[in-house]
Structures are given as structure tokens and as C-alpha cells.
2 protein chains.
Amino acid sequence: MTTQAVFRALADPTRRDILVMLAREDMTIAEVSEHFDMTRAAVKKHLSVLQEGELISVRIEGRARVNHLEPHALILASEWLDSFRRFWDDRFADLHQAIEAEKSKDNKND
Amino acid sequence: MTTQAVFRALADPTRRDILVMLAREDMTIAEVSEHFDMTRAAVKKHLSVLQEGELISVRIEGRARVNHLEPHALILASEWLDSFRRFWDDRFADLHQAIEAEKSKDNKND
DNA sequence: TTTAAATGATACCAAAAGGTATTATAAAAG
DNA sequence: CTTTTATAATACCTTTTGGTATCATTTAAA
């Protein structure tokens with residue numbers, strides 16, 4: 001697990017969506033695929049990238065592969081970002097409202 | 001500024017290194033380039049990506065372009081990750097030591 | 001045991017990413 | 001004005017990325 005593997009995994013919007021989905025419940029490849037307009041093979045590739053970055057783990061149940069969120073690696077990214085916190089902490093309150101506005105725009109664009 | 005633009009900007013190790021450098025002091029393209037084994041043009045491209053993600057701003061001083069860290073966008077990424085915090089908070093203490101070990105390996109691999 | 005379901009594996013393709021080299025501009029210095 | 005410095009812009013190249021299609025493999029079900 002490297003910082004690079006984690007940030008690379010987070011760089012794709014499909015993969016970030018998959019993480020959000022897996023935060024709610026474990027899912028098979030087929031179940032994850034239902035939520036996207038792409039082939040199962042493409043989704044499988046994204047899941048492989050997430051697994052390489054160790055953001056998810058997989059357990060095999062019969063013929064199914066059940067994907068499970070592994071938050072461990074996310075801590076790495078979170079801590080990397082935290083090292084910049086001194087630059088924004090003192091004006092965080094001022095910025096908070098602006099960020100909320102940005103985030104609502106975001107949902108339409110991502 | 002979108003979540004996508006921010007995570008895309010963070011996906012490259014050179015760009016993350018640039019952010020760390022700019023956290024210490026504002027720098028021109030030439031100054032940033034001195035720290036990397038690539039052409040100024042390549043560094044300029046990375047700076048453009050960082051600017052598109054609004055992780056840096058640029059002010060023009062004569063013929064120089066001075067790059068400046070803008071932590072605002074980093075908050076967006078930080079908050080996105082924080083939404084997963086409930087998955088790791090209760091076992092954070094257990095994981096902390098393992099993460100420190102991972103990070104020291106990291107510095108060699110990134 | 002045949003068949004259907006879930007996934008794995010491979011080859012292939014187009015677009016994007018990361019890089020170089022080259023040429024053009026704009027501003028400071030002599 | 002000429003020259004040097006700092007950067008911009010463009011064309012080009014190679015590798016990676018995100019996707020498809022196809023075929024093989026494994027497991028559950030009829």
C-alpha cells in the first residue's frame with residue numbers, strides 16, 4: 001500500500017462512487033455493475049485498481065466475489081492532506097460555507 | 001473546482017511534491033523545475049493541472065509567474081475522505097502504528 | 001450431467017497523460 | 001536597440017487508462 005496507489009485509486013469518479021456504495025454494504029461484481037452504464041469487465045478493472053490500492057478486500061463465496069471496503073488505506077490519504085491543515089485551520093469557518101456551495105455544484109459535474 | 005479536478009490533481013506524485021514545496025514558499029516555474037529531473041515545459045503542465053484543480057493560484061510579477069498554494073480545494077478532498085471516518089475511527093489507535101510503518105516504506109516507493 | 005450464472009483472462013482500441021523539442025513572446029538588463 | 005531571461009504555445013511521441021468483445025473456467029441448479 002503506497003500513497004501513490006491510494007491516490008491513483010481515488011482519481012477516478014467511478015472508483016470513488018464504488019467506495020461510497022461499498023461503505024453501505026458489501027457487494028459482488030454483478031451488484032456493483034448494475035449501478036453503472038458499462039460492462040462488468042470494466043467494473044472489474046476498477047475493482048482491481050481499488051484492490052491494488054488496498055482500498056477494498058475480496059472474499060470468495062462459492063462462485064461470487066464479495067467486495068468489502070477497507071478504510072485503512074483511506075487514512076493514509078487523509079493524513080497526507082492533514083499535513084496541510086495549518087494552512088486552512090484558522091480560516092476554516094470562513095471557507096466552510098463556500099465549500100458547501102461548491103459541493104452541491106459538484107454533484108452535478110462529477 | 002470539482003472533486004474530480006482535485007483528485008485528478010492529487011493523483012500524480014510530482015504534483016503532490018510540488019504542493020509540499022509550495023507549502024513552504026511561493027515559487028516560480030523555474031524554481032519549481034530545479035527540483036525535478038524533467039523539462040520546464042513538463043513542470044509547467046503539472047502546474048497547469050494544479051491550477052485547473054484550483055490547488056494553486058498564480059500571480060504575475062513582471063516576466064515571472066509566481067505559484068502559490070491554495071489550500072481551499074484540499075479541504076474538499078479532506079472532507080470527502082472524512083465521510084468514511086466512521087469506518088475507521090473506532091479502530092484508529094490499532095491501525096496507527098501499522099500506518100506509520102507503511103508510510104516509511106512509502107517514501108522509498110513514491 | 002447438462003445448463004446457467006458469476007467471474008477470470010486475454011486481445012484489442014481510442015483517448016488521455018506525461019513527457020520532449022522547437023519556436024514565439026514579453027520583460028528586464030546592458 | 002540588442003540581448004538575455006522567463007515563460008507560452010505548439011507539435012509530436014510513448015505509455016497508461018478506461019473501455020469493449022470474446023472465450024475460458026468454476027460453481028450452482030435442474
Side-chain angles (χ1 to χ4, degrees), chain A residues 2-22 25-69 73 77 109-110, chain B residues 2-22 25-69 73 77 109-110:
Chain A
T2 64
T3 306
Q4 177 53 24
V6 173
F7 275 112
R8 190 227 159 180
L10 293 175
D12 185 274
T14 299
R15 288 195 288 268
R16 289 196 306 278
D17 286 346
I18 290 173
L19 291 179
V20 171
M21 291 167 49
L22 294 181
E25 55 176 339
D26 293 355
M27 299 176 85
T28 65
I29 295 178
E31 287 167 342
V32 172
S33 297
E34 286 171 14
H35 294 76
F36 296 99
D37 186 25
M38 65 181 78
T39 62
R40 250 177 294 114
V43 171
K44 168 63 164 62
K45 278 194 185 180
H46 285 303
L47 289 168
S48 296
V49 173
L50 289 170
Q51 203 181 348
E52 281 162 25
E54 294 180 45
L55 285 89
I56 65 173
S57 62
V58 180
R59 69 172 182 278
I60 295 177
E61 292 186 356
R63 61 185 162 181
R65 274 172 65 100
V66 182
N67 299 277
H68 173 77
L69 180 69
N109 298 334
D110 267 7
Chain B
T2 65
T3 307
Q4 177 53 24
V6 174
F7 276 111
R8 189 223 160 181
L10 293 174
D12 186 274
T14 299
R15 288 195 289 268
R16 291 196 304 279
D17 286 346
I18 290 173
L19 291 180
V20 171
M21 290 166 50
L22 294 181
E25 54 176 339
D26 293 354
M27 298 175 85
T28 64
I29 296 178
E31 286 166 344
V32 173
S33 298
E34 285 172 14
H35 295 76
F36 297 98
D37 187 25
M38 66 180 78
T39 61
R40 251 177 292 114
V43 170
K44 169 62 166 63
K45 280 194 182 180
H46 284 303
L47 289 168
S48 296
V49 173
L50 288 171
Q51 203 180 349
E52 281 162 26
E54 295 180 46
L55 285 87
I56 66 172
S57 62
V58 179
R59 69 172 182 278
I60 296 178
E61 292 186 355
R63 61 185 163 181
R65 276 171 64 100
V66 182
N67 300 277
H68 173 76
L69 179 69
N109 298 334
D110 269 6

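Order of the sequence lines fixes the chain letters, A, B, ..., with proteins taken first and strands second; residue numbering starts at 1 for each chain.
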Across all chains, not counting sequence neighbours, the side chain to side chain contact (heavy atoms under 4.5 Å, CB included) partners of A:Ala77 are A:Val6, A:Phe7, A:Leu10, B:Leu81

Contact between [X] and [Y] at the side-chain level, heavy atoms closer than 4.5 Å - yes or no?
X       : Y       : value
A:Gln4  : B:Arg16 : yes
B:Met38 : B:Thr14 : yes
A:Met27 : A:His35 : yes

The first and last nucleotides of DNA chain D lying within contact of chain B, meaning any atom under 4.0 Å from one of its heavy atoms, run from D:dT4 to D:dA8

Between B:Ile56 and B:Leu22, the two heavy atoms sitting closest are CG2-CD1, 3.6 Å

Result for side-chain contact (heavy atoms from CB on, under 4.5 Å) between A:Leu47 and one of A:Ile18, A:Leu55, A:Val58 points to A:Ile18

Contact check, residues 25-34 of chain B vs DNA chain C, heavy-atom distance under 4.0 Å, returns none

From the list A:Arg63, A:Arg59, A:Arg65, side chain to side chain donor-acceptor pair (under 3.5 Å) with A:Glu61 holds only for A:Arg59

Which of A:Lys45, A:Glu52, A:Gln51, A:Lys44 passes side chain to side chain donor-acceptor pair (under 3.5 Å) with A:Ser48? It is A:Lys44

With sequence neighbours left out, the residues meeting side chain to side chain donor-acceptor pair (under 3.5 Å) with A:Arg15 are A:His46

Hits for side chain to side chain donor-acceptor pair (under 3.5 Å) against A:Thr39, two or more places apart or cross-chain, chain-then-number order -> none

With sugar-phosphate taken as primed atoms, P, OP1 and OP2 and all else as base, the protein-contact string of nucleotides 16-30 of chain C at under 4.0 Å (heavy atoms; B, S, -) is -SSBB------BS--

